[in-house]
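Owing to the predicted nature of the structure, the values given are computational and were not obtained by experimental measurement. These numbers come from the heavy atoms of this one structure, side chains and all, not from hydrogens, waters or symmetry mates.
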Amino acid sequence: MSNADEQTGPAVTGSVAHRVPDLGALELLLAVARLGSLGGAARELGITQPAASSRIRSMERQLGVALVDRSPRGSRLTDAGALVTDWARRIVEAAEAFDAGAQALRDRRDSRLRVAASMTIAEYLLPGWLLALRAQRPDTAVSLHAGNSAAVAQRLLSDEADLGFVEGLSVPAGLDSAVIAHDRLIVVTAPGHAWARRGRSLAAEELASTPLILREKGSGTRQVLDAALGGLARPLIELSSTTAVKAAVVSGAGPAVLSELAVGEELAMRRLVSVPVEGVALARDLRAVWPTGHRPTGPARDLLSLTRG
């Protein structure tokens, strides 16, 4: 092999990422060119001089040319080093533009948060979480769409929401989830209802055979009740919000099965009465949900963290 062949440097093979020095090395070379000192460049970049020397030598081996002449009076670029420095400057400037663009995208993402939540969570849990998020991210505009669990899933899958919350027994298809809280459904009536004066628990069969004021199909509350009663829940009235169901029960229209979270005030004021029931599993998990494979980021990630706090 001739001397010329020995000085051709590394073979040009593989990905360009393996042939081009990393940004840290290029920034170091630019600092050496500007300061005329390897030690000064190392201090500016917050690394030790031995680490800087090692990085320059590694870059020289990678490129197959000498870049810096070192002497007691300082460090001077070779002719090849000066040429590589010009190229490095353009690469670093392009990287800075790339970083600025990425930051602009993050800022745009972080400027808004779209939340979809089923009714119980939207009415009784989310207000506190959103107040805490406001303290962390005062510049983030939050929009909230409240609907049943099926509607929450639809908004997430159509990219109309960044984070959702559901109350059903299962996770809708196409979504990942995390359990954030637990809830229990209870049977409630107006104080004047016959069930409010009985001295024993309801049996599952009696609950299943009695027409109830129910949430609409697709709601998490209805899913849990239907599963607990084997699909036998009989509707007296079907309403699309927890508030409407409570109002109907308070008026004496009939009994209902509602989240314990939703009726605390009415029970304390004796506007509603809780009726014990046996043989029916009415516990449920409350979940945060998001599209499969797209873990929440930015404000959505922060809100998810607050729900677990």
Side-chain angles (χ1 to χ4, degrees), residues 1-113 132-141 162 293-306 308-309:
M1 181 182 294
S2 68
N3 289 340
D5 289 335
E6 293 174 356
Q7 296 174 6
T8 55
V12 182
T13 59
S15 167
V16 69
H18 296 99
R19 304 194 304 272
V20 175
D22 62 48
L23 283 173
L26 296 179
E27 287 178 322
L28 174 60
L29 183 63
L30 291 173
V32 171
R34 186 174 66 257
L35 300 172
S37 165
L38 188 61
R43 286 190 296 274
E44 181 175 274
L45 297 178
I47 60 176
T48 65
Q49 184 163 339
S53 295
S54 176
R55 185 170 288 184
I56 291 292
R57 287 194 299 271
S58 177
M59 184 164 40
E60 289 174 331
R61 287 193 300 271
Q62 184 178 22
L63 297 176
V65 295
L67 301 173
V68 178
D69 282 335
R70 304 160 184 82
S71 72
R73 295 189 301 274
S75 300
R76 181 182 63 83
L77 296 180
T78 64
D79 290 343
L83 186 58
V84 170
T85 298
D86 285 340
W87 299 336
R89 185 172 293 107
R90 281 177 264 171
I91 293 173
V92 171
E93 288 172 352
E96 290 172 345
F98 180 94
D99 180 57
Q103 182 60 52
L105 289 175
R106 289 191 294 271
D107 290 343
R108 186 172 68 181
R109 177 204 67 192
D110 293 352
S111 68
R112 67 169 188 174
L113 173 61
L133 181 68
R134 179 72 174 175
Q136 288 187 8
R137 288 180 171 270
D139 296 328
T140 297
D162 304 305
H294 295 82
R295 188 81 182 171
T297 59
R301 178 196 60 225
D302 292 347
L303 178 58
L304 179 58
S305 296
L306 287 169
R308 292 165 167 171

For a quick test of reading the model, state the closest non-hydrogen atom pair linking [X] to [Y] and the distance between them.
X: Q62; Y: R19; value: NE2-C, 3.6 Å
X: L304; Y: P296; value: CD2-CG, 4.1 Å
X: S75; Y: V68; value: CB-CG1, 3.6 Å

Could you tabulate the donor-acceptor pairs under 3.5 Å formed by side-chain atoms of residues 25-41, not counting sequence neighbours?
{"residue": "R34", "atom": "NH2", "partner": "E44", "partner atom": "OE1", "Å": "3.0"}
{"residue": "R34", "atom": "NH2", "partner": "E44", "partner atom": "OE2", "Å": "2.2"}
{"residue": "S37", "atom": "OG", "partner": "G39", "partner atom": "N", "Å": "3.3"}
{"residue": "S37", "atom": "OG", "partner": "G40", "partner atom": "N", "Å": "2.9"}

Identify every side-chain donor-acceptor pair in residues 80-89 under 3.5 Å, counting partners at least two apart or on other chains, and give the distances.
{"residue": "T85", "atom": "OG1", "partner": "G81", "partner atom": "O", "Å": "2.7"}
{"residue": "D86", "atom": "OD1", "partner": "R89", "partner atom": "NH1", "Å": "3.3"}

Set of residues satisfying salt bridge (charged side-chain N to carboxylate O under 4.0 Å, His left out) with respect to [X], sequence neighbours excluded:
X: E96; result: none
X: R70; result: E60
X: R43; result: none

- prompt: Could you state the interatomic distance from CZ (R134) to CG (D139), rounded to the nearest 0.5 Å?
  reply: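 Here the rounded value is 7.5 Å.
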task: First locate atom OG1 of T140, then atom CG of D302, and finally report the distance between them rounded to the nearest 0.5 Å.
output: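 Result: 8.0 Å between the selected atoms.
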- prompt: Do L113 and R137 have side chains that get closer than 4.5 Å, going by heavy atoms?
  reply: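 No, every pair of side-chain atoms sits at 4.5 Å or beyond.
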Please tabulate, one pair per line, all N/O donor-acceptor pairs under 3.5 Å involving side-chain atoms of residues 45-58, not counting sequence neighbours.
{"residue": "T48", "atom": "OG1", "partner": "A51", "partner atom": "N", "Å": "3.2"}
{"residue": "S53", "atom": "OG", "partner": "Q49", "partner atom": "O", "Å": "3.2"}

